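Have a look at the structure below, then the notes.
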Amino acid sequence: MDSHLPDHFKCPISLEIMSDPVILSSGHTFDRSSIQRWLDAGHRTCPITKLPLPDHPALIPNHALRSLISNYAFLSPLHHTVSQPEALISTLASNSSSSDSKIEALKHLTRLSKRDSAFRRRLAESGAVPAVIAAVDDPSLQERALPLLLNLTLDDDSKVGLVAEGVVARVVEVLLHAPTPDCRAVAATIVTSLAVVEVNKATIGAFPAAIAALVAILRDGKGRERKEAATALYALCSFPDNRRRAVNCGAVPILLQNVEIGLERCVEVIGFLAKCKEGREQMECYDGCVQILVNVLRNGSSRGIQYALFALTSLCSYNQEMVLVALEEGVLEASLGFVEDDNEKVRRNACNLIKVLRFNHNRVR
């Protein structure tokens, strides 16, 4: 396949397309990993000219050639240079690779793995995961490495293996300490992707500080990172044990505050937390909880209304005082307006809430 590319893109030593071309003092260009192996073996002559080299030869990055290779790779319909990921992984994993070359490798790998499941499998089989994890740990590479790690989580058959390789610890570290909101947002999205697999919900939820880190972003974060943290919590809290963990981390008041300022995804998490006793108790203690949920009924999207109805049903099923507050806030009238809604789940949840309100109201009377 490499025969379709110009010969000067290939390293004279490995005869493979160069991912990090460097110039030797002889004037010839080699791939960094190949010439470094040559030098590490004790050679002090140019592999091509055989002329002597200094004891500590300088390797000067050939930025112009690297740019040409990069542009040619993606202009070419078959992008031959990077259909074989091993060279890029080698660059990423090598201690002798420059930061710039690692960033370039991450860019290529991320772009190619985004929509190509076969390429993602090839990456995993080529041992890319430890190199990507190491890049996530490196502050200078983290921002580039996280999107690649996210791509590697896209296939369901790889999610459990990634967790087993230690991805959760790195992601939680990013959630807690990453310097940028974008890094935290991508880390939260990785949690959501991994939590598609049921066993991972339990593993991630039980990991120290995982849920607490997401709750902290909801409390202190901004924009996209808060939305992604709410989505990750929603994914995790479909697993019952994680609901209690979220409640114990103080999630309920923070979620309700976010619902109040318009982050509707949080009402979906409230719907899950209302399924557990601890969650309901926290909601009952929160001043204005019912009013916040009623506001979603009046102004929210169909999905938000679905979960607000569900949360109100759970609250009113277990607490007579909540029934009275709900009736005073016009929840019954609002629910009656949804019994013929186009959304089947909204209709069903509205009918369930109406039954609960009428039954408990009659008991009170």
Side-chain angles (χ1 to χ4, degrees), residues 1-76 78-113 119 123 126-128 130-149 179-180 183:
M1 293 175 67
D2 288 348
S3 63
H4 294 271
L5 291 158
D7 285 341
H8 63 279
F9 285 8
K10 300 176 184 177
C11 174
I13 297 175
S14 68
L15 302 181
E16 295 177 350
I17 300 303
M18 291 182 278
S19 61
D20 185 11
V22 293
I23 305 170
L24 207 55
S25 58
S26 64
H28 290 276
T29 296
F30 304 85
D31 203 17
R32 182 185 294 274
S33 59
S34 297
I35 192 62
Q36 191 64 58
R37 282 195 295 271
W38 171 268
L39 297 172
D40 289 347
H43 300 291
R44 286 300 177 269
T45 57
C46 171
I48 294 176
T49 66
K50 306 303 180 185
L51 294 174
L53 298 171
D55 287 339
H56 302 286
L59 302 178
I60 303 169
N62 191 334
H63 295 297
L65 181 57
R66 186 173 61 198
S67 179
L68 281 173
I69 294 171
S70 174
N71 291 334
Y72 192 100
F74 291 116
L75 287 172
S76 168
L78 297 177
H79 50 267
H80 302 294
T81 58
V82 283
S83 61
Q84 307 291 330
E86 288 81 3
L88 293 173
I89 296 169
S90 176
T91 297
L92 190 60
S94 174
N95 291 332
S96 63
S97 297
S98 67
S99 180
D100 285 347
S101 65
K102 289 186 177 185
I103 288 172
E104 202 67 24
L106 287 166
K107 285 167 61 178
H108 288 329
L109 292 169
T110 301
R111 181 169 180 174
L112 286 164
S113 61
F119 188 83
L123 280 180
S126 301
V132 177
I133 289 175
V136 170
D137 289 340
D138 186 334
S140 67
L141 302 176
Q142 186 176 88
E143 191 169 0
R144 291 287 186 184
L146 284 167
L148 176 55
L149 183 57
T180 68
C183 285

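None of the values given here were measured: they were computed from a predicted structure. Values reported hereafter were calculated over all heavy atoms of this structure, with side chains retained and with hydrogens, waters and symmetry mates removed.
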Q) Is there a donor-acceptor pair closer than 3.5 Å between any side-chain N or O of S126 and the backbone N or O of A128? A) no
Q.
Checking S26 against I48 for the side chain to side chain contact (heavy atoms under 4.5 Å, CB included) test, could you report, in this order, the C-alpha distance in whole Å, the side-chain angles of both residues, the deciding distance, and whether it holds?
A. CA-CA 9 Å; S26 64; I48 294 176; over 6 Å; no
(Q) Nearest 0.5 angstrom please: R144 CZ to D138 CG, how far? (A) 14.0 Å
Q) Quick one: NZ on K102 to CG on N95, what's the gap to the nearest 0.5 Å? A) 6.0 Å
Q: Please test S34 against M18 for side chain to side chain contact (heavy atoms under 4.5 Å, CB included), starting from the C-alpha separation and ending with a verdict.
A: CA-CA 9 Å; S34 297; M18 291 182 278; over 6 Å; no
Q: With rounding to the nearest 0.5 Å, note down the distance linking CG in L92 to CG in L148.
A: 7.5 Å
Q. How far does OG1 of T29 sit from CD1 of I60, to the nearest 0.5 angstrom?
A. 9.5 Å
Q. What distance do D31 atom CG and R37 atom CZ have between them, rounded to the nearest 0.5 Å?
A. 8.0 Å
Q.
Is it the case that the side chain of T110 and the backbone of L106 share a donor-acceptor pair, with hydrogens and angles ignored and the cut-off at 3.5 Å?
A. yes
Q) Residues two or more places apart in sequence or in another chain: which of them pass side-chain contact (heavy atoms from CB on, under 4.5 Å) with P47? A) I13, L24, F30, I35, W38
Q. Could you give the distance from OG1 (T91) to CZ (R32), rounded to the nearest 0.5 Å?
A. 9.5 Å
Q: Determine, step by step, whether C11 and E16 satisfy the side chain to side chain contact (heavy atoms under 4.5 Å, CB included) criterion, reporting the C-alpha distance in whole Å, the side-chain angles of both residues, the deciding distance to 0.1 Å, and the verdict.
A: CA-CA 6 Å; C11 174; E16 295 177 350; 5.8 Å; no
